[in-house]
*Asks:* 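First, the structure itself, so that you have it in front of you.
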Amino acid sequence: MPLRLYNTMTRRLEEFVPLDSTRVGVYACGPTVYRPPHIGNFRTFVFNDLLHRYLEWKGFGVTFVMNLTDVEDKIINEAAGMGVSIGEVTAPMADAFFADLRTLAVLPADLYPRATEHIDEMIDIIERLEKRGHAYRAPDGSVYFDISSFPTYGRLARIEAQSIRSGAGLSTRAGGIDADEYEKADARDFALWKGVKDVDRQVGAAWQTPWGEGRPGWHIECSAMSMAALGSTFDIHTGGEDLIFPHHEDEIAQSEGASGEPFVRYWLHVKHLLVNGEKMSKSKGNDFTIDQLLEKGYSASSIRYLIISAQYRKELNFAFDGLDTARTAIQRLLDFERRLIDMPTAADAPLSRLHEITEHALHDFEKAMDDDLNTPNALAVVFNFVRECNAELDRDTPTARAATDAARDALASMDRVLGILEIARVERADVADDLAVWADGMVAERQEARRRRDYAESDRIRDELEGRGIVVEDTPQGPRWKKA
RNA sequence: GGUCCCGUAGCCAAGUGGUUAGGCAGUGGCCUGCAAAGCCAUCAACGCCGGUUCGAAUCCGGCCGGGACCUCCA
């Protein structure tokens, strides 16, 4: 079955046909490492991960690249304010970013290029742009891209170059280092390179170039790093919806202007999330970090579940009660998985309908994901699968081991894309040794009480266990306990 | 002003021309010593007004409401 993706360039669902199926190139716009990433960022990064995982699940070889922006206005401001170099600002933020990725079970990218490590490639692109008549130098040492030299400018964002509001926001900002307070021939042109200012030197954000000292424009880094890693034409480029314009529009102009070849084949953009029904913003204080959510007692699996519970191009309201319901839903999956493991089986039992149910589930799952990564539908497939299997297991005991194994494999296979259970399993197993030993003992005591038909005592023990977050379940295979 | 998206049951969220989406919550039942887990049943829906159609949540028009982007926020 073909994978279909919504391409921002054409505003249509398109069948994904890579240049080379053994090496699908994906470039994801990563974080600007100047403050801890928030939950909004992670909608985008989890989406990237879903794409990464699903491409591999489909059997493609994938080269996944995500950049780190480590030189940029806000970073320079921050460093200047603290009296340190930009590296001292970005290093801890990059560490925090990677830690959060691990928490959310985001697969590592193959490459995490950083802007400051690709200055040479940027210089090369700018020189080529100059040679090809797309760039010009300003008296202050800046280099600008000449939009009038690139007729298709505006194609991605669907804007006429002429209609871009000239001078919007220019020269009106307070503060001395705003990037666009430079001399351009046309207000709509954008900076490829910015002539050096004192503050740049102070924080170590100045590099020598053939046209003088300075620092990169915002967009050039992604052109340089993506083409360096994936070639001048590659398959997929992703980012948050805010990046469509100007960032990605400018990337196209720079990259194609320099290479003379088509840049990206499929542009994928993630819609911004809402937090508790409101636009996320620093001023509202709802730009939660992963750590803040964990401190509030929410689990990483719940966070990831909530993020994938809406399709990536649709509005997603990241609300706390959504995290609570996510937790309950995940418990259901974990309980099901455990049931499959504990289920008594017999080698000579007849093959039940489990096989059929399992095959259908995998087929439907792929169909859902093929439809532009429709994760809500994919989750519906998983839950239907769980219900149908449970119903089958309720009436069919024992079951053939091959059938329960196949069901387990299918669940694991779907989770190789969704990445929920792999986190949740660890969370549930995270019980202190002494608590586990105590729980085992109490459960045994309770069994003894039940044997004596001393139900007052057995119920008392169950309450005591619950008081410490342990839930007891009496199954046909005996009592079991789990972390609530 | 320009570009675009969305309004689905108590909440979240798929569907996008005709057949139960799914999760969470609720109700009744089975199971259980009682529970839990599970299963079965059940409740409840397509913002409003028109139009197209044999048939519309799904297409078209209008209205109301919400939201995004338009020079550095994923």
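Chain naming here is simple, since letters A, B, ... match the order of the sequence lines and numbering starts at 1 in each.
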*Asks:* Write down the distance separating the C1' atoms in B/U19 and B/G28, rounded off to the nearest Å.
*Replies:* 27 Å
*Asks:* Identify whether any heavy atom of A/Leu306 sits under 4.0 Å from a base atom; if not, whether one sits that close to sugar-phosphate; answer base, sugar-phosphate or nothing.
*Replies:*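 No contact at all - A/Leu306 keeps every heavy atom at 4.0 Å or more from the nucleic acid.
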*Asks:* Less than 3.5 Å between a donor and an acceptor, one on the side chain of A/Arg462 and one on the base of B/A35, is that the case here?
*Replies:* yes
*Asks:* Strictly distance-based, threshold 3.5 Å: is any side-chain N or O of A/Gln311 a donor or acceptor partner for the main-chain N or O of A/Asp372?
*Replies:*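 Looks like yes, one N/O pair under 3.5 Å.
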*Asks:* Please enumerate all residues that pass salt bridge (charged side-chain N to carboxylate O under 4.0 Å, His left out) together with A/Arg155, with sequence neighbours excluded.
*Replies:* none
*Asks:* Measure from the side-chain heavy atoms of A/Asn41 and tell me the nearest of B/C34, B/C39, B/C73.
*Replies:*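 Of all the options, the side chain of A/Asn41 is nearest to B/C73.
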*Asks:* Looking only at side-chain atoms of A/Ser458, point me to the closest of B/G33, B/A74, B/U16.
*Replies:* B/G33
*Asks:* Closest nucleotide of RNA chain B for A/Thr32 versus for A/Glu388: which of these residues is on the 5' side?
*Replies:*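 Nearest-nucleotide comparison on RNA chain B picks A/Glu388.
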*Asks:* Once side-chain contact (heavy atoms from CB on, under 4.5 Å) is applied, do any residues pair with A/Thr328, and if so which ones, sequence neighbours excluded?
*Replies:*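 Expected list: none.
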*Asks:* Rounding to an integer number of Å, can you tell me how far A/Tyr298 OH sits from B/C12 C1'?
*Replies:*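 Nearest whole value for this atom pair: 14 Å.
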*Asks:* Can you tell me the Watson-Crick or wobble partner of B/C69, both distances under 3.5 angstrom?
*Replies:*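 Partner of B/C69: B/G2.
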*Asks:* Let me have a per-nucleotide readout for nucleotides 18-25 of chain B, 5' to 3', with B, S or -, counting only protein heavy atoms under 4.0 Å.
*Replies:* ---BSSSS
*Asks:* I need the CG-P distance between A/Asn276 and B/C11, as an integer number of Å.
*Replies:*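 It is 16 Å, rounded to the nearest whole Å.
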*Asks:* If you assign each of A/Val471 and A/Gly240 to its closest nucleotide in RNA chain B, which residue comes earlier from the 5' end?
*Replies:* A/Val471
*Asks:* Would you please name every residue forming a salt bridge (charged side-chain N to carboxylate O under 4.0 Å, His left out) with A/Arg114, sequence neighbours left out?
*Replies:*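 With sequence neighbours excluded, A/Arg114 shows a salt bridge (charged side-chain N to carboxylate O under 4.0 Å, His left out) to no residue whatsoever.
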*Asks:* Considering only NZ, NE, NH1 and NH2 on the basic side and carboxylate oxygens on the acidic side, decide whether A/Asp463 and A/Arg460 come within less than 4.0 Å.
*Replies:* no
*Asks:* When rounded to the nearest Å, what value does the distance between P atoms of B/U27 and B/A36 take?
*Replies:*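 Here B/U27 and B/A36 have their P atoms 12 Å from each other.
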*Asks:* In whole Å, what is the span from the CG atom of A/Leu268 to the P atom of B/A74?
*Replies:* 18 Å
*Asks:* What is the nucleic acid contact for A/Gly322, judged by heavy atoms within less than 4.0 Å: base, sugar-phosphate only, or nothing?
*Replies:* nothing
*Asks:* What nucleic acid atoms does A/Asp250 come within less than 4.0 Å of, heavy atoms only: base, sugar-phosphate, or nothing?
*Replies:*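 It contacts nothing in the nucleic acid.
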*Asks:* Using a heavy-atom cut-off of 4.0 Å across all strands, would you classify A/Arg339 as base, sugar-phosphate, or nothing?
*Replies:*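 Result for A/Arg339 = sugar-phosphate.
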*Asks:* Show the numbers, then the answer: is there a side chain to side chain contact (heavy atoms under 4.5 Å, CB included) between A/Phe45 and A/Phe97?
*Replies:* CA-CA 11 Å; A/Phe45 301 142; A/Phe97 168 69; 3.5 Å; yes
*Asks:* Answer yes when A/Arg425 and A/Glu337 have at least one side-chain N-carboxylate O distance shorter than 4.0 Å, and no when they do not.
*Replies:*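 A/Glu337 and A/Arg425: salt-bridged.
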*Asks:* Report the residue from A/Arg446, A/Arg480, A/Arg462 that forms a side chain to side chain donor-acceptor pair (under 3.5 Å) with A/Asp474.
*Replies:* A/Arg446
*Asks:* Sequence neighbours excluded, which residues qualify as side-chain contact (heavy atoms from CB on, under 4.5 Å) partners of A/Arg428?
*Replies:* A/Gln331, A/Leu334, A/Asp335, A/Lys482, A/Lys483
*Asks:* Counting only side-chain heavy atoms from C-beta out, which of B/G33, B/G38, B/A37 sits nearest to A/Asn390?
*Replies:* B/G38
*Asks:* In residues 356-363 of chain A, which ones come under 4.0 Å of RNA chain B, going by heavy atoms?
*Replies:* none
*Asks:* For A/Arg43, what residues pass the salt bridge (charged side-chain N to carboxylate O under 4.0 Å, His left out) criterion, not counting sequence neighbours?
*Replies:*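 In terms of salt bridge (charged side-chain N to carboxylate O under 4.0 Å, His left out), with neighbours along the sequence ignored, A/Arg43 is linked to no residue.
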*Asks:* Taking atom P in both B/C12 and B/G7, compute the distance separating them and give it to the nearest angstrom.
*Replies:*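 These two P atoms come out 12 Å apart once rounded.
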*Asks:* Rounding to an integer number of angstrom, what distance separates B/U3 and B/U71 when you compare their P atoms?
*Replies:* 16 Å
*Asks:* When you get a sec, tell me which of B/U16, B/A74, B/C34 is the closest nucleotide to the side chain of A/Met280?
*Replies:*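 In terms of side-chain proximity for A/Met280, the closest of B/U16, B/A74, B/C34 is B/A74.
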*Asks:* What nucleotide among B/C34, B/A74, B/A14 has an atom nearest to a side-chain atom of A/Asp474?
*Replies:* B/C34
*Asks:* Look at the side chain of A/Arg313 and the base of B/C5, then say whether one donor and one acceptor between them are separated by less than 3.5 Å.
*Replies:*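 A donor-acceptor contact between them is absent.
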*Asks:* Take the protein atom CD of A/Glu466 and the nucleotide atom P of B/A36, then report the distance between them rounded to whole Å.
*Replies:*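 Atom CD in A/Glu466 sits about 9 Å away from atom P in B/A36.
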*Asks:* Assign A/His38 to base, sugar-phosphate, or nothing according to its heavy-atom contacts below 4.0 angstrom with the strands shown.
*Replies:* base
*Asks:* Tell me every residue that passes side-chain contact (heavy atoms from CB on, under 4.5 Å) with A/Asp364, counting only those two or more places apart in sequence or in another chain.
*Replies:* A/Val381
*Asks:* Does A/Glu72 reach a base, just sugar-phosphate, or nothing at all? Heavy atoms under 4.0 Å.
*Replies:*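 Result for A/Glu72 = sugar-phosphate.
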*Asks:* With rounding to whole Å, what would you report as the distance between B/G61 and B/G22 at their C1' atoms?
*Replies:*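 B/G61 and B/G22 have their C1' atoms separated by 33 Å.
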*Asks:* Of all residues at least two apart in sequence or in a different chain, which pass the salt bridge (charged side-chain N to carboxylate O under 4.0 Å, His left out) check with A/Glu356?
*Replies:* A/Arg353
*Asks:* From C-beta outward on A/Asp459, which listed nucleotide comes closest to its side chain: B/C34, B/A13, B/C72?
*Replies:*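 Among B/C34, B/A13, B/C72, the one nearest the side chain of A/Asp459 is B/C34.
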*Asks:* For B/G10, which nucleotide is its Watson-Crick or G-U wobble mate, given both distances must be under 3.5 Å?
*Replies:* B/C24
*Asks:* Of all the nucleotides listed (B/U3, B/C39, B/C34), which has the minimum atom distance to the side chain of A/Arg158?
*Replies:* B/U3
*Asks:* Have A/Tyr298 and A/Asp324 got a donor and an acceptor in their side chains that come within less than 3.5 Å?
*Replies:* no
*Asks:* Please tabulate, one pair per line, each protein N/O and nucleotide N/O from nucleotides 64-69 of chain B that are separated by under 3.5 Å, including the distance.
*Replies:*
| residue | atom | partner | partner atom | Å |
| --- | --- | --- | --- | --- |
| B/A68 | O2' | A/Glu241 | OE1 | 3.4 |
| B/A68 | O2' | A/Glu241 | OE2 | 3.1 |
| B/C69 | OP1 | A/Lys279 | NZ | 2.7 |
| B/C69 | OP2 | A/Lys279 | NZ | 3.2 |

*Asks:* Nearest-Å distance, CD1 (A/Ile159) to P (B/U3)?
*Replies:* 12 Å
*Asks:* Given atom CG of A/Asp463 and atom C1' of B/A35, what is their separation to the nearest angstrom?
*Replies:*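 After rounding, the reported distance stands at 10 Å.
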*Asks:* Give me the distance, rounded to whole Å, that separates B/A44 from B/U20 when you measure between the C1' atoms they each carry.
*Replies:* 14 Å
*Asks:* Could you give the CG-to-P distance, from A/Leu333 to B/G38, as a whole number of Å?
*Replies:*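 These atoms are roughly 10 Å apart.
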*Asks:* Out of B/C73, B/U71, B/U16, which has the shortest distance to the side chain of A/Pro246?
*Replies:*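 That would be B/U71.
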*Asks:* Have a look at A/Arg446 and say if it touches a base, only the backbone sugar-phosphate, or nothing, with a 4.0 Å heavy-atom cut-off.
*Replies:*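 Base, at least one base atom sits under 4.0 Å.
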*Asks:* Partners of A/Glu388 by side-chain contact (heavy atoms from CB on, under 4.5 Å), sequence neighbours excluded?
*Replies:*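 In terms of side-chain contact (heavy atoms from CB on, under 4.5 Å), with neighbours along the sequence ignored, A/Glu388 is linked to A/Ile357, A/Asn384.
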*Asks:* Between B/A14 atom C1' and A/Phe365 atom CZ, what is the distance in whole Å?
*Replies:*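 About 15 Å, once rounded to whole Å.
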*Asks:* Would you mind pulling out the nucleotide paired to B/U19, Watson-Crick or G-U wobble, both distances under 3.5 Å?
*Replies:* none
*Asks:* Under the side-chain hydrogen bond (donor to acceptor under 3.5 Å, both in side chains) rule, collect the residues that match up with A/Glu366, sequence neighbours excluded.
*Replies:*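 For A/Glu366, the residues satisfying side-chain hydrogen bond (donor to acceptor under 3.5 Å, both in side chains) (neighbours in sequence not counted) are A/Lys58.
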